**Q** 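Structure in structure tokens, see below.
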Amino acid sequence: MENRMRADVLILGGGAAGMAAAIQLAEIRNRVGLPGRILLADRMEKPGKKLLATGNGRCNLGNRNVSAAGYATRSPRRLEEILAGAPFERQRAFFENHGLLCDLQPDGRMYPYSYFAGTVAEALRRSLRAAGVEELAGFEAVRLEKADGGFCVTARDGRALQAGQVLLAAGGKAAPALGSDGSGLELAASLGHTLHPVWPALTAFTSSSPLCRDLKGVRAAARAGLYSGGRLLAEDTGEVQFTEYGLSGIPFFQLSLSYGMLPPARRQGISARVDLFPARSAENLAAWLARQGSRGCSAGEALEGMLHWKLARAVGKTAGIPEKAHLDEAAARRLAAALKGLEFPISGTLGWEQCQVTGGGVSLEEVDPVTMESRLCPGLYLAGEILDAAGLCGGYNLHWAFGTGLLAGRGMAGECAIGQGRPAPEKKRREGPAPKRKKPAVGGGRKKQ
Ligand SMILES: Cc1cc2nc3c(=O)[nH]c(=O)nc-3n(C[C@H](O)[C@H](O)[C@H](O)COP(=O)(O)OP(=O)(O)OC[C@H]3O[C@@H](n4cnc5c(N)ncnc54)[C@H](O)[C@@H]3O)c2cc1C
């Protein structure tokens, strides 16, 4: 117990959620003249490491069109309540008030005006310093316990830290090289929180189809659908990327949200179909092909006028029509069917190293939707990817991380409902965790970015 560091508030995890919460909390405390030590601890050498990798280094900060339908969660209503307290405009104002000029694209995606993720991390770190938040780098929490009316957090190197309030913003398991290795989830579980099984989200699919090898490196504008026993589960349109191991690109990243929400037993026998001409019907394509046949084109020649040559070959192979075959009406119909539904058996997705987000996590039913305080452990707050919410591509996940971080910052300051025009915290109306919902929501894979 000697050598134990003390803080009024410990923010565990210096990602988007932890930094936003720390700035918000410190500024409120400074404003009302409440002295105290706020520590932002992270296992990495400095906070904000993952932010630097986001949006291909450009950091897609948020999205004006964000809505609950864009998230995969077991608690859709609770997520909607939380999002209601994290409106897009408030987040944009937060960035701009902290020296970060933002650019809004016509499709609603928000980026830093610099289109450089480093600008975001640095603006946040400047604001942390200005607000008096202390950074504690290389502190890898391995134990979180209730102690002396607050919490005691122990690090891997044996250091111990006592704090009155703790925010668990340690992320999930996605991209562990950038800091979040799942240890935050274990810390939440150690205090009794329910963890929905976690899965890699916003990632590519793997397939054993020999077509993948043939198509390696090809990209095509297409509609991608996931099927189970011939029934469409979800679909998305955009640029599909064929890789040696399977199928990638934004449409498949989005579909990984629907896939991850399936119970493991239902993930068997899933197939993906790629419609290479989403804007044309099979009849239209067959008629076009037949016309090329009547002009004297072979099947291969007609297809090469429509597609990348690798795709042309794959379509011919799938339809069972040799390249040099005469293109009569029957052959044209078979090729059109393949163009509208190139099929790939799905064996799974890539893993934690190659995904962007964690599906599943701490049940949203166990946090107060206004303050983000745990309903099981007063004084403990949760924010960001550690929670059971995985969003679409396009800024949904940073919106969630920043938004829940800001809510937690206000919640820890006890200022959550002031001036927000929001209902009083639900904990005043209902005691204990709410009953679990049975039907999972799958927002992903349907909403176009
Ligand atoms: C390559 C990539 C690109 C992405 N691009 C985008 C994008 O453009 N737009 C978008 O909206 N989303 C994007 N995302 C997702 C988004 O970055 C995350 O959802 C978001 O950053 C999560 O924020 P967080 O603060 O909850 O968690 P994290 O950013 O994961 O932060 C958690 C922090 O906690 C620390 N930590 C973990 N365990 C411990 C421990 N035991 N002790 C101490 N510290 C600990 C970690 O080191 C880390 O710094 C991307 C993700 C990746 C991987």
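These figures come from a predicted structure and were not determined experimentally. First listed ligand is number 1; within each ligand, the first listed atom is number 1.
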**Q** Find all atoms of ligand 1 within a distance of less than 4.0 Å from any non-hydrogen atom belonging to Met44, and give their numbers and elements.
**A** 47 (O)
**Q** Check for a donor-acceptor pair, side chain of Ser256 on one end and backbone N or O of Leu202 on the other, with a separation under 3.5 Å.
**A** yes
**Q** Is a donor from one side chain sitting under 3.5 angstrom from an acceptor on the other, for Thr194 and Glu366?
**A**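 Result is yes, a qualifying pair exists.
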**Q** Report the member of Leu382, Leu12, Leu202, Thr54 with the shortest heavy-atom distance to atom 6 (C) of ligand 1.
**A**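 Looking at heavy atoms only, Thr54 sits closest to atom 6 (C) of ligand 1.
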**Q** Could you check whether Arg37 pairs with Asp8 (Lys NZ or Arg NE/NH1/NH2 to Asp/Glu carboxylate O, under 4.0 Å)?
**A**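 Asp8 and Arg37: not salt-bridged.
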**Q** State plainly whether the residues Glu81 and Arg78 are in salt-bridge range, i.e. N to O under 4.0 Å.
**A**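 The answer is yes: the pair qualifies as a salt bridge.
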**Q** Do the side chains of Arg125 and Glu135 get close enough for a salt bridge, i.e. N-O under 4.0 angstrom?
**A** yes
**Q** Contact between Ala174 and ligand 1, counting heavy atoms under 4.0 Å?
**A**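 For ligand 1, residue contact (heavy atoms, under 4.0 Å) with Ala174 is absent.
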**Q** Provide the number and element of each atom of ligand 1 under 4.0 Å from a heavy atom of Glu385.
**A**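 Going through ligand 1 atom by atom, the ones under 4.0 Å from Glu385 are 18 (C), 19 (O), 20 (C), 22 (C), 26 (O).
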**Q** Run the numbers for me: atoms of ligand 1, each under 4.0 Å from some heavy atom of Gly384, listed by number.
**A**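 In order of numbering, the contacting atoms are 26 (O).
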**Q** Provide the number and element of each atom of ligand 1 under 4.0 Å from a heavy atom of Asn397.
**A** 11 (O), 12 (N), 15 (C), 19 (O)
**Q** Pair Leu392, Val66 - check side chain to side chain contact (heavy atoms under 4.5 Å, CB included), show working.
**A** CA-CA 9 Å; Leu392 293 171; Val66 85; over 6 Å; no
**Q** Just heavy atoms, cut-off under 4.0 Å: does Arg43 contact ligand 1 by side chain, backbone, both, or neither?
**A**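 Both backbone and side chain of Arg43 come within 4.0 Å of ligand 1.
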**Q** Is there a heavy atom in Ala169 that sits closer than 4.0 Å to ligand 1?
**A** yes
**Q** Does any N or O in the side chain of Thr119 come within less than 3.5 Å of the main-chain N or O of Phe116, such that one atom is a donor and the other an acceptor?
**A**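 At least one qualifying donor-acceptor pair exists.
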**Q** Quick one: look at Phe139 and ligand 1, take heavy-atom pairs under 4.0 Å, and tell me if it's side chain, backbone, both or neither.
**A** backbone
**Q** Centre of Tyr259's six-membered ring, under 6.0 Å away, within 45 degrees of the axis: is that where NZ or CZ of Arg267 sits?
**A** yes
**Q** Are Phe402 and Phe94 near enough that their ring centres are under 6.0 Å apart?
**A**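 Centroid distance Phe402-Phe94: not below 6.0 Å, so no.
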**Q** Which of the atoms in ligand 1, numbered in the order shown and given with their element, are less than 4.0 Å from a heavy-atom of Tyr396?
**A**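 Selected atoms, number and element: 11 (O).
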**Q** Give the contacting part of Ala175 toward ligand 1: side chain, backbone, both or neither, where contact means a heavy-atom distance below 4.0 Å.
**A** side chain
**Q** If the cut-off is 4.0 Å to any non-hydrogen atom of Ala16, which atoms of ligand 1 fall inside it?
**A**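 Once the distances to Ala16 are compared, the set is 25 (O).
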**Q** Pick, from Gln354, Met110, Lys50, Glu353, the option with the minimum heavy-atom distance to atom 29 (O) of ligand 1.
**A**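 Shortest heavy-atom distance from atom 29 (O) of ligand 1: Lys50.
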**Q** Heavy atom to atom 31 (O) of ligand 1, shortest distance: which of Gly15, Ala177, Gly48 holds it?
**A**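 Ranked by closest heavy atom to atom 31 (O) of ligand 1, first place is Gly15.
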**Q** Pick one of side chain, backbone, both or neither for how Ala17 approaches ligand 1, counting any non-hydrogen atom pair under 4.0 Å.
**A** both
**Q** Below 4.5 Å, heavy atoms only, C-beta onward: do Leu61 and Gln91 meet side chain to side chain?
**A**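 No, their side chains stay 4.5 Å or more apart.
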**Q** Mark the output for Glu140 as yes if a heavy-atom distance to ligand 1 is under 4.0 Å, and as no if none is.
**A** yes
**Q** Salt bridge check: are Arg43 and Asp181 linked by an N-O gap of less than 4.0 Å?
**A**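 Answer for the salt bridge query: yes.
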**Q** Relative to the heavy atoms of Ser183, which atoms of ligand 1 are at a distance of less than 4.0 Å?
**A** 38 (N), 39 (C), 40 (C), 41 (N)
**Q** Given Ala141, Gly179, Ala389, identify the one with the heavy atom nearest to atom 42 (N) of ligand 1.
**A**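 Of the listed residues, Ala141 has the closest heavy atom.
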